[in-house]
Chemist: 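Provided herewith is a single structure, encoded as structure tokens, for subsequent inquiry.
Per chain, numbering begins at 1; letters A, B, ... match sequence-line order. Predicted model, so just to flag it, every value in this text is computed and none were measured.
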2 protein chains.
Amino acid sequence: MTDSTVLVPLALAVDLGGTKVEAALVTDAGVVLPATRFRSPTGPGRTSEELQAAVDEVVTSALAALPADGLLVGVGVGSAGPVDEQHGLVSPLNMPVWRGYPLRDRVAAHVSADVPVTLRMDGLAITLAEHWVGAAQGHDHVMGMIVSTGVGGGLILHGRTVSGPTGNAGHVGHVECGGFDDPCACGGTGCLEAVASGPKTVAWAQRQGFTGTTGEELAAAYAAGDEVAVAAVKRSGRALGQAIAAATSLVDLEVVAIGGGFSHVSPDLFEYARQAVAERVEFGFVTKVRIVPTGLSQDGPLIGAAALVHRADVLR
Amino acid sequence: MTDSTVLVPLALAVDLGGTKVEAALVTDAGVVLPATRFRSPTGPGRTSEELQAAVDEVVTSALAALPADGLLVGVGVGSAGPVDEQHGLVSPLNMPVWRGYPLRDRVAAHVSADVPVTLRMDGLAITLAEHWVGAAQGHDHVMGMIVSTGVGGGLILHGRTVSGPTGNAGHVGHVECGGFDDPCACGGTGCLEAVASGPKTVAWAQRQGFTGTTGEELAAAYAAGDEVAVAAVKRSGRALGQAIAAATSLVDLEVVAIGGGFSHVSPDLFEYARQAVAERVEFGFVTKVRIVPTGLSQDGPLIGAAALVHRADVLR
């Protein structure tokens with residue numbers, strides 16, 4: 001029917017990351033409405049009040065953009081971790097002024113009390129997005145990964161999200177890699193993030209003589225066949241594969257979807273990861289895992305935050 | 001009521017391991033009936049027919065011991081992995097003559113068609129047992145581990161078992177340990193099993209000059225303060241802790257229950273593991289994980305196989 005009283009169900013999606021916070025309205029088909037999308041910078045140099053003002057600004061702007069035929073059915077918040085899912089608190093590593101900050105309730109204050117507000121780690125949100133409308137559609141055993149400034153992720157097992165008791169499941173950046181002893185900011189040794197994040201890969205290359213300073217420069221050097229750049233990308237790709245093999249040994253994954261800025265350094269990054277997985281010759285259940293690029297790139301975090309509303313049946 | 005027609009529900013529990021196969025009848029309170037318990041040797045030197053005969057023998061004996069007031073309500077089979085859960089096939093690494101062997105159906109042939117037969121990895125069965133009547137009671141996010149000839153395990157997350165699409169989730173022995181480059185039989189590098197199994201720990205000690213050949217001798221040398229034995233147990237304990245920290249980063253565990261022969265080498269093994277976890281100072285959700293001995297020791301595998309029947313509601 002075309003009754004004009006039929007409203008379009010929309011989720012307010014909020015993504016709090018290490019460099020920016022974004023908000024937008026997202027349809028139940030996983031489409032971000034461009035005119036409702038707003039962003040504001042975050043980062044370690046901001047005070048708590050500035051961070052909250054940034055959140056308030058994007059949330060208010062997105063809500064003000066609610067179309068006349070739109071109905072706000074829920075709010076989904078994806079946040080850099082760690083989080084305290086039960087209490088809706090966030091403690092993003094990259095925003096030291098926020099430790100146990102009540103982000104969920106501060107966002108909820110912008111909407112009426114009957115609108116549900118759900119907060120999860122950003123890695124889980126991205127995984128939900130890939131499962132919903134991205135590269136992991138049709139699979140019940142999925143790990144989403146972001147390889148960027150850090151390395152994060154999320155898990156869907158047996159068709160349902162895995163949060164754990166605190167909401168911090170999916171920290172694949174802190175799975176260790178055999179034979180690597182790079183010290184990690186978390187206190188661990190040889191953690192994937194300490195080896196294979198963009199900045200860590202560039203830093204390793206610099207120690208071998210690379211004179212660039214960014215992932216983009218490393219990508220260009222790799223494409224030009226620079227020996228150190230090739231070694232650096234290979235090293236990080238292998239570490240990725242080792243961590244994926246370990247994760248698959250533990251939770252028996254079907255598909256791993258990898259996105260994030262540094263995942264684009266070269267398509268060969270994926271090949272090196274696949275090669276490391278393929279070395280687990282005795283375990284067909286490990287070597288079967290497919291490693292693919294994410295399907296949603298820049299929209300993944302917001303679509304995933306919206307999935308916390310529109311795909312609430314997949315949550316646990 | 002005391003009506004003599006009320007029958008006691010019993011599960012036939014079968015545990016296929018690298019050195020023996022056992023079967024017994026188990027009550028819905030998790031009690032193994034001693035007079036119904038039978039075992040027969042397995043191992044890499046046996047032909048397929050000999051292995052099948054060993055299974056037939058213990059299953060037939062246990063079924064023949066069904067008491068007059070007992071009702072067989074189901075059969076649970078725990079097997080050394082890998083397995084193919086969907087098709088009920090087993091490929092135990094330590095029994096190379098069995099690859100894709102239809103163990104579930106061969107056991108099912110001993111009971112009437114209306115008795116359900118459920119097969120899972122032994123590590124999952126042990127985890128179920130600890131969750132049911134052992135050291136992990138009351139927890140919804142649990143990893144069970146066996147540290148013995150190999151290192152195996154299983155997962156319960158959000159109160160339900162995790163099998164994965166093939167049934168091989170829980171292979172924690174093939175999670176890698178940062179800074180360790182021990183080659184693993186699976187093809188990986190620095191896998192926990194390659195470092196911290198009983199035989200691998202003894203072999204490492206031997207390379208440092210230890211003259212004993214068994215875990216028991218290593219335990220005695222450790223208790224006597226032998227420097228190499230201390231270093232060997234510490235090394236393996238740290239690797240255990242590193243793999244547990246990695247697993248907790250990935251799936252946010254509350255409690256890890258560790259059993260198996262080599263877990264008894266010294267209580268200090270657990271301390272070294274806890275120390276390695278405690279180094280993840282930045283992540284409270286990792287350092288919160290409790291590492292405890294299993295509560296069930298020798299009975300765990302059979303109780304866990306029975307849990308596949310009596311606790312079918314926890315399975316997925």
Chemist: Which atoms of A:Ala185 come close to chain B, meaning under 4.5 Å heavy atom to heavy atom: side chain ones, backbone ones, both, or neither?
Modeler: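 Interface part for A:Ala185: backbone (N, CA, C, O).
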Chemist: NZ of B:Lys288: more than 12 outside heavy atoms within 6.0 angstrom?
Modeler: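 It does: B:Lys288 NZ has more than 12 such atoms within range.
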Chemist: Go through A:Asp182, A:Leu155, A:Leu253, A:Val286 and name the one with the most non-hydrogen pairs under 4.5 angstrom from chain B.
Modeler: A:Leu155
Chemist: Check each atom of B:Pro165 against the heavy atoms of chain A and say whether the ones under 4.5 Å are side chain, backbone, both or neither.
Modeler: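 Both parts, heavy atoms under 4.5 Å.
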Chemist: Hey, can you tell me if B:His171 and A:Phe283 have their rings parallel, tilted or perpendicular (30° and 60° cut-offs)?
Modeler: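 Rings of B:His171 and A:Phe283: tilted, as their planes differ by 30° to 60°.
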Chemist: Quick check for you: among A:Glu254, A:Gln242, A:Glu279, which has the greatest number of heavy-atom pairs under 4.5 Å with chain B?
Modeler: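 Ranked by contacts with chain B, first place is A:Gln242.
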Chemist: For B:Glu282, check salt bridge (charged side-chain N to carboxylate O under 4.0 Å, His left out) against everything at least two apart and list the hits.
Modeler: none
Chemist: If you tally heavy-atom pairs under 4.5 Å against chain B, which of A:Ala243, A:Cys177, A:Ala247 wins?
Modeler: A:Cys177
Chemist: Considering only heavy atoms, which portion of B:Ser163 lies under 4.5 Å from any heavy atom of chain A: side chain, backbone, both, or neither?
Modeler: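 Both parts, heavy atoms under 4.5 Å.
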Chemist: Report all side-chain donor-acceptor pairs from residues 194-201 of chain A shorter than 3.5 Å, counting only partners two or more places apart or in another chain.
Modeler:
{"unit_1": "A:Ser197", "atom_1": "OG", "unit_2": "A:Glu193", "atom_2": "O", "d": "3.4"}
{"unit_1": "A:Ser197", "atom_1": "OG", "unit_2": "A:Lys200", "atom_2": "N", "d": "3.2"}
{"unit_1": "A:Thr201", "atom_1": "OG1", "unit_2": "A:Ser197", "atom_2": "O", "d": "2.7"}
{"unit_1": "A:Thr201", "atom_1": "OG1", "unit_2": "A:Ser236", "atom_2": "OG", "d": "2.7"}

Chemist: Return yes when atom CD of A:Gln137 has more than 12 non-hydrogen atoms of other residues, nucleotides or ligands closer than 6.0 Å, and no otherwise.
Modeler: yes
Chemist: Before giving the answer on side chain to side chain contact (heavy atoms under 4.5 Å, CB included), spell out for A:His174 and B:Leu250 the whole-Å C-alpha distance, their side-chain angles and the decisive distance to 0.1 Å.
Modeler: CA-CA 8 Å; A:His174 302 277; B:Leu250 191 64; over 6 Å; no
Chemist: Pick one of side chain, backbone, both or neither for B:Leu192, based on which atoms fall under 4.5 Å of a heavy atom in chain A.
Modeler: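 For B:Leu192, there is no contact with chain A at all, as no heavy atom is under 4.5 Å.
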Chemist: Say you draw a straight line from OG1 of A:Thr189 to CZ of B:Arg280; how long is it, rounded to the nearest 0.5 Å?
Modeler: 8.0 Å
Chemist: For the candidates A:Gly179, A:Gly173, A:Ala245, which exhibits the highest count of non-hydrogen atom pairs separated by less than 4.5 Å from chain B?
Modeler: A:Gly179
Chemist: Picking from B:Gly190, B:Ala169, B:Gly187, which has the most non-hydrogen pairs under 4.5 angstrom with chain A?
Modeler: B:Ala169
Chemist: Can you check whether B:Val162's main-chain N or O pairs, donor with acceptor, with A:His158's side chain at less than 3.5 Å?
Modeler: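 No: the side chain of A:His158 does not pair with the backbone of B:Val162.
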Chemist: Donor-acceptor pair, A:Asn168 side chain versus B:Asp252 backbone, under 3.5 Å?
Modeler: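 No: the side chain of A:Asn168 does not pair with the backbone of B:Asp252.
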Chemist: What part of A:Cys191 gets within 4.5 angstrom of chain B, counting heavy atoms only: side chain, backbone, both, or neither?
Modeler: side chain
Chemist: Should B:Arg238 and A:Glu176 count as an ion pair when the cut-off is N to O under 4.0 Å?
Modeler: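 Looking at B:Arg238 and A:Glu176, the cut-off is not met.
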Chemist: Using a 4.5 angstrom heavy-atom cutoff, name the option from A:Gly188, A:Ser91, A:Ala246, A:Ser249 with the most pairs to chain B.
Modeler: A:Ser249
Chemist: Taking it one step at a time, do A:Arg160 and B:Arg160 satisfy side chain to side chain contact (heavy atoms under 4.5 Å, CB included)?
Modeler: CA-CA 11 Å; A:Arg160 303 283 295 278; B:Arg160 303 282 297 277; over 6 Å; no
Chemist: Could you tell me the separation between the OG1 atom of A:Thr161 and the CG atom of B:Leu157, rounded to the nearest 0.5 Å?
Modeler: 11.0 Å
Chemist: With respect to chain B, which residue among A:Thr248, A:Val175, A:Asp84, A:Val277 yields the maximal number of heavy-atom pairs within a distance under 4.5 Å?
Modeler: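 The residue among A:Thr248, A:Val175, A:Asp84, A:Val277 with the greatest pair count is A:Val175.
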